[in-house]
Amino acid sequence: MTSIPPPEINDFKIITASCVTLDLPALPSSFYRHGWQSWSLAAWTDLTPLPVQRPVNLHPQQIDPAYAYESRPNGSWLGAVESADGKVLLLGALGTDAHVRLNGGQFEGQYEAGTGDWFIAFGGEQVVFSQYAEELGKRFDVTKTKPAPRVWCSWYSLYAAIDEGILHEIFDRLGDLPFDILQVDDGWQIKIGDWEANEKFPSGMAALADKIKSTGRKAGLWLAPLIAVKSSQLFREHPDWFLKDEKGKFASAGFNWGEQLYALDTTHPAALDWLAALMRQVRAWGFDYLKLDFLYAGALPGKRHADVPREIAYRNGLKILREAMGEDAFFLTCGAPIIPSLGLCDALRVGPDVSGEWESYRDVVLLSNPTTPGTRNAIRTTINRLWLSSLLLIDPDVAYFSSKGNSLSEEHKKLLQDLALVCNFKATSDLPQWLSEDDKETLRSFLLSAQKINRAGRCTFQLGDRQVDFSSAGELPTPPTGFNALIGNLVGWVGGLGLVRQILDEMGSKSLEKMKKEL
Ligand code: 9PG
């Protein structure tokens, strides 16, 4: 263990150690928690332990399951403390497989396997974070080259209820709105693991890409190549390609689509060959923008074919995916461990999903879960990850323009639109059928906007001649006590039951089918 005094003000140092301890002169007033992957919480909080988030069977897909029960303030790779005078001390790993935590008056960092470099800086918040980003850029061969795309994505309106007919109609009706990419999301594949067109796409995926290209845009596609369900042909034919736990059972990669998820072992040579072939296939169909999702699965704890640190295993898998799709493809990573993705993708989702509601009381308050879809959750975590924007394009998820298909207030819709401008990553899923002429003009000027943006504070920005303040999304709700805590436990338990989630999914898809008929 290396114990060192913090650096002088406005200075930073880099030291090599497996475990580092900084003795703080006084207890800080707040702690910057940096969650593991795109959807995990990033926020400044006080030092009170956060309750364990629920349902616990979703831990593998929402947070780093290795630290799910850590009650001290902690974070993946980096953390920061703020003292009463507003100065910030940042401790951050310059390698993968590292975690930090506050242990009373000591700020500790630890590599899971072996030693690595630590970056330590003290000074103004924006300065220390940008110095850290600069050092990360050097270590992870970051070359930020691609221009920011303007994307229409099928997820946040139709969800999985997409089919060939409705997508063709939407692509036609988008008219001359200035989108660069039309991206087909979840719902086209046979199964999670079997990445071929399902019966809703009888003309096949190449025909779908052709249709998009005929509108003058590039074609985008969503896949989750590092997970599979047990009923997939992939899992049935190659169970040996999947990650195991310490007891030799298949490790859980979470639960979604009414099924248990499993993780591909990205150190297995045959699995890597399969991944590379899949990427070449998707490019051959004509898709040039790839949103690869649920990527955390490559870095979950477990037993692998080759005994390498889990995030190195993930990063090697990502390299194979990148090489096979080609440097000319636009590569967006999602549900992805943050630091191990740097330098290998063009854009990274930096927050949880938005949704048509501001906040779910059930999820955020009763279940202490800030990682589930919700507009407030998405804004909160994205704002706290803006420091990554010097390293790659950061995707804050989509903005809404229509009053149909969501229950957001005008003010909340505007906040999401402004967040997209701050990130310079513009996307929506709104259906052209939903947009009034006014909505279309707002969307058009959003897509064309090239305002000058200046950060004024942690949550405040100057956008052209307007000031924007995102602080209404910043605070975390107070954890439940008494009766509400009891209800929370019950909801957490019920919500973790597979059958209950299946029924909810079923209800969701029925109401989407109804909405489609009414378009
Ligand atoms: C498609 C979607 C969209 C979306 C992605 C991802 O259970 N979860 O924690 C969970 C979080 C996010 C999520 C799905 C499940 O959404 O972020 O944009 O592509 O997959 O299924």
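Worth knowing before you read on, the calculation uses all heavy atoms, side chains too, and leaves out hydrogens, waters and symmetry mates.
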J.: Are W387 and L90 side-chain neighbours, meaning at least one heavy-atom pair lies under 4.5 Å?
T.: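 When only atoms from C-beta onward are counted, L90 and W387 do not touch, as no gap falls below 4.5 Å.
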J.: Is any side-chain heavy atom of R385 closer than 4.5 Å to one of I394?
T.: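 They are not in contact (no side-chain heavy atoms under 4.5 Å apart), so the answer is no.
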J.: Could you tell me whether E134 atom CD has more than 12 heavy atoms of other residues or ligands within 6.0 Å of it?
T.: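 Counting other residues, nucleotides and ligands, CD of E134 stays at 12 neighbours or fewer.
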J.: Between W358 and H412, what is the ring plane arrangement, given parallel below 30°, perpendicular above 60°, and tilted in between?
T.: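 Ring orientation, 0 to 90° scale: parallel.
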J.: Taking ring-ring contact (aromatic ring centres under 6.0 Å, His included) as the definition, give me every residue that meets it alongside Y111, ordered by chain and number, with sequence neighbours left out.
T.: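 For Y111, the residues satisfying ring-ring contact (aromatic ring centres under 6.0 Å, His included) (neighbours in sequence not counted) are W118.
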J.: If you take all heavy atoms of F129 and V88, which pair is closest and at what distance?
T.: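 Heavy atoms only, the tightest pair is CE1-CG1, 4.5 Å.
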J.: Of the options L419, L415, T460, which is the one that meets V468 in a side chain to side chain contact (heavy atoms under 4.5 Å, CB included)?
T.: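 Only one of L419, L415, T460 forms a side chain to side chain contact (heavy atoms under 4.5 Å, CB included) with V468, namely L415.
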J.: Would you call the rings of F235 and Y262 parallel, tilted or perpendicular if under 30° counts as parallel and over 60° as perpendicular?
T.: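 The rings of F235 and Y262 sit tilted, inter-plane angle from 30° to 60°.
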J.: Quick one, V81 with L27, criterion side-chain contact (heavy atoms from CB on, under 4.5 Å). Give me CA distance, side-chain angles, the key distance, then yes/no.
T.: CA-CA 9 Å; V81 293; L27 264 192; over 6 Å; no
J.: Ignoring hydrogens and geometry, is there a side-chain-to-backbone donor-acceptor pair from R380 to E475 under 3.5 Å?
T.: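 Checked: pair present.
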J.: Taking the side chain as C-beta and beyond, is there a heavy-atom pair between R310 and L243 under 4.5 Å?
T.: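 Not touching, per the 4.5 Å side-chain cut-off.
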J.: Under the 3.5 angstrom rule, does the side chain of T267 hit a backbone N or O of A306 as a donor-acceptor pair?
T.: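 At least one qualifying donor-acceptor pair exists.
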J.: Report the relative orientation of the aromatic rings in H268 and H305; use parallel for angles under 30°, tilted for 30 to 60°, perpendicular for over 60°.
T.: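 Plane angle between 30° and 60°, so tilted.
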J.: Return the orientation label for the W222 and F294 ring planes: parallel under 30°, perpendicular over 60°, tilted otherwise.
T.: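 Taking F294 first and then W222, their aromatic rings stand perpendicular (interplane angle over 60°).
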J.: Would you call L41 and L50 a side-chain contact if the rule is heavy atoms closer than 4.5 Å?
T.: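 They are in side-chain contact.
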J.: Determine the minimum heavy-atom distance between S368 and R54, stating which atoms define it.
T.: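 It is OG-NH2, 4.3 Å.
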J.: Under the side-chain hydrogen bond (donor to acceptor under 3.5 Å, both in side chains) criterion, do D46 and S30 qualify, and how do the steps go?
T.: CA-CA 4 Å; D46 63 23; S30 55; over 6 Å; no
J.: Is the closest side-chain heavy-atom distance between P309 and T96 below 4.5 Å?
T.: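 Side-chain contact under 4.5 Å: no.
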J.: If you round to the nearest 0.5 Å, how far is NZ of K87 from CD1 of I9?
T.: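 I9 CD1 to K87 NZ: 4.5 Å, rounded to 0.5 Å.
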J.: If we check side-chain hydrogen bond (donor to acceptor under 3.5 Å, both in side chains) with S252, which of these qualifies: H59, Q260, Q61?
T.: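 Single side-chain hydrogen bond (donor to acceptor under 3.5 Å, both in side chains) partner of S252 among H59, Q260, Q61: Q260.
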J.: Rounded to the nearest 0.5 Å, what's the gap from CG on L318 to CG on L292? Could you check?
T.: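 If we round to the nearest 0.5 Å, L318:CG and L292:CG are 8.0 Å apart.
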J.: Using 30° and 60° as the class boundaries, would you call the ring planes of F119 and Y132 parallel, tilted or perpendicular?
T.: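 Correct class here is tilted.
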J.: ring-ring contact (aromatic ring centres under 6.0 Å, His included) with Y361: which residues, sequence neighbours excluded?
T.: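 None.
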J.: Atom CG in D395, atom NZ in K426: separation rounded to 0.5 Å?
T.: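 D395 atom CG to K426 atom NZ measures 13.5 Å (nearest 0.5 Å).
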J.: Pair W36, Y67 - check side-chain contact (heavy atoms from CB on, under 4.5 Å), show working.
T.: CA-CA 10 Å; W36 190 47; Y67 301 96; over 6 Å; no
J.: Give every residue pair that meets the salt bridge (Lys or Arg N to Asp or Glu O under 4.0 Å) criterion with at least one member in residues 291-300, sequence neighbours excluded.
T.: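 Counting only pairs at least two positions apart or across chains, the salt bridge (Lys or Arg N to Asp or Glu O under 4.0 Å) contacts touching residues 291-300 are D185-K291.
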J.: What closest approach, in Å, do L300 and P60 show between heavy atoms, and which atom pair accounts for it?
T.: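 That would be CD2-O, 3.7 Å.
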J.: Yes or no on side-chain contact (heavy atoms from CB on, under 4.5 Å) for I192 and N256, after CA distance, side-chain angles and deciding distance?
T.: CA-CA 10 Å; I192 301 297; N256 208 19; over 6 Å; no
J.: If I compare all heavy atoms of P7 with all of L89, which pair ends up nearest, and what's the gap?
T.: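 Looking at all heavy atoms of both residues, the closest pair is CD-CD1, 4.0 Å.
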J.: If we only count heavy atoms from C-beta on, is the Q110 to H99 side-chain gap below 4.5 Å?
T.: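 Q110 does not reach H99 side chain to side chain.
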J.: Step by step, work out the side-chain hydrogen bond (donor to acceptor under 3.5 Å, both in side chains) result for R33 and T45.
T.: CA-CA 7 Å; R33 297 170 174 265; T45 67; 3.1 Å; yes
J.: So which pairs with a foot in residues 244-268 pass salt bridge (Lys or Arg N to Asp or Glu O under 4.0 Å), sequence neighbours left out?
T.: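 Applying salt bridge (Lys or Arg N to Asp or Glu O under 4.0 Å) to every pair that reaches into residues 244-268, excluding sequence neighbours, yields E246-K303.
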J.: Going by an N to O cut-off under 4.0 Å, is there a salt bridge joining E82 and R458?
T.: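 Yes, E82 and R458 are salt-bridged.
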J.: Taking only distance into account, with no hydrogens and no angle test, what donor-acceptor pairs under 3.5 Å do side-chain atoms of residues 328-352 form with protein atoms, sequence neighbours excluded?
T.:
residue : atom : partner : partner atom : Å
D328    : OD1  : R283    : NH1          : 3.3
D328    : OD2  : R283    : NH2          : 3.4
T333    : OG1  : A347    : O            : 3.2
S341    : OG   : Y314    : OH           : 2.8
S341    : OG   : P337    : O            : 2.6
D346    : OD1  : K146    : NZ           : 3.1
D346    : OD1  : R322    : NH2          : 3.0
D346    : OD2  : K146    : NZ           : 3.1
D346    : OD2  : R322    : NH2          : 2.8
D346    : OD2  : F331    : N            : 2.8
R349    : NE   : G351    : O            : 3.1
R349    : NH1  : D397    : OD1          : 3.4
R349    : NH2  : D353    : OD1          : 2.4

J.: I'd like to know if the side chain of D97 reaches the main chain of E311, judged simply by a donor and an acceptor atom lying under 3.5 Å from each other, with no hydrogens or angles considered.
T.: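 Yes, D97 side chain to E311 backbone: donor-acceptor pair under 3.5 Å.
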J.: With side-chain contact (heavy atoms from CB on, under 4.5 Å) as the criterion, how do F12 and E135 come out once you've worked through the C-alpha distance, each side chain's angles and the decisive distance to 0.1 Å?
T.: CA-CA 11 Å; F12 71 83; E135 286 305 316; 4.1 Å; yes
J.: With a 4.5 Å limit on heavy-atom distance, are the side chains of C423 and T382 in contact?
T.: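 Yes, their side chains come closer than 4.5 Å.
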J.: Is R376 reaching over with its side chain to a backbone N or O of P370, donor-acceptor style, under 3.5 angstrom?
T.: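 No, the answer is negative, given that no donor and acceptor are paired below the 3.5 Å cut-off.
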J.: Could you tell me which residues satisfy side chain to side chain donor-acceptor pair (under 3.5 Å) with N454, sequence neighbours excluded, listed by chain and number?
T.: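 Per chain and number, N454 pairs via side chain to side chain donor-acceptor pair (under 3.5 Å) with no residue.
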J.: Quick one: are I120 and F107 in side-chain contact, heavy atoms under 4.5 Å?
T.: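 Heavy-atom side-chain distance check fails, nothing below 4.5 Å.
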